[in-house]
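Here the structure comes first, spelled out in structure tokens, and everything after it is commentary.
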Amino acid sequence: MTKAAAPGDTVHVHYTGKLDDGTVFDSSRKREPLEFTIGAGGILPGFEEAVTGLEPGQTASAHIPAAEGYGERDDQRVINVPREQLPAGMEPQIGQKLQMKGDGGQTMVVTVTQTNDEAITLDANHPLAGKDLSFEIELVSIE
């Protein structure tokens, strides 16, 4: 008898993630399956729920609203930094990912969204913040 995925199981899944407009934002299809332990908290809860109860070879769909995914966009996480505060010789490009220290000393990844002669604009929101996500998931195996 085939076992269904349950909390505590380490599973391997293939997935394709899409936005509401059909744009694919990520897929494991051309690489190794994603491995995670159900209930360990490393994966979006709605994704875990879709995998729970599947048997190897079965598929499921999951729709995860922005609030349950990467949260809503927060305009307060977009900041302008005067160019004189940048390291000497740094020429940031739009779309470039940078690391900076937050107010609490934690490291965070920001994306350069605008540049001009006086300043650059950095966005600390997750790239998928404010977006509803849909996943097609296939359970490959259970350890």
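Throughout, residue positions are numbered sequentially from 1 according to the sequence presented.
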* **Heavy-atom side-chain contact between Lys97 and Pro127 under 4.5 Å** => yes
* Using a side-chain heavy atom cutoff under 4.5 Å and only I, L, V, M, F, W and Y, what cluster partners does Met90 have? -> Ile79, Val81, Leu86, Leu98, Met100, Met108, Val110, Val112, Ile120, Leu122
* Atom CD of Gln76 with >12 non-hydrogen neighbours under 6.0 angstrom -> no
* Answer with yes or no whether the side chains of Ser134 and Lys18 bring together a donor and an acceptor at under 3.5 Å. => no
* Any salt bridge between Arg29 and Glu136, counting N to O under 4.0 Å? -> no
* What is the minimum heavy-atom distance between Pro7 and Thr52, and which atoms define it? -> CD-CG2, 4.2 Å
* **Heavy-atom closest contact (Thr59 atom, Glu138 atom, distance)** => CG2-CB, 3.9 Å
* **Short side-chain donor-acceptor distance under 3.5 Å, Asp123 and Thr111** => no
* Should the heavy atoms of other residues, nucleotides or ligands under 6.0 Å from CD of Glu32 be counted, would the total exceed 12? -> no
* Asked: Would you say the side chain of Val11 lies within less than 4.5 Å of the side chain of Glu143, judging by non-hydrogen atoms?
  -> no
* Side-chain donor-acceptor pair present, Asp26, Tyr15, cut-off under 3.5 Å -> yes
* Asked: With a cut-off of 6.0 Å (strictly less than), are more than 12 heavy atoms of other residues, nucleotides or ligands near CG of Asp21?
  -> yes
* Identify the heavy atoms of Arg83 and Pro92 that sit nearest to each other, and give their distance. => NH1-CD, 4.0 Å
* Structure fact -> Tightest non-hydrogen contact, residues Glu72 and Ala66, listed as OE2-CB, 3.7 Å
* Pair Thr113-Thr121, side-chain donor/acceptor within less than 3.5 Å -> no
* To do: Measure the acute angle between the ring planes of Phe36 and Phe47, then classify it against the limits of 30° and 60° as parallel, tilted or perpendicular.
  => perpendicular
* To do: List the atom of Ser28, the atom of His14, and the distance in Å for their closest heavy-atom pair.
  => OG-ND1, 2.8 Å
* **Thr37 vs Asp9 side-chain heavy atoms within contact, under 4.5 Å** => no
* Asked: What is the minimum heavy-atom distance between Gly69 and Leu44, and which atoms define it?
  -> O-CD2, 3.5 Å
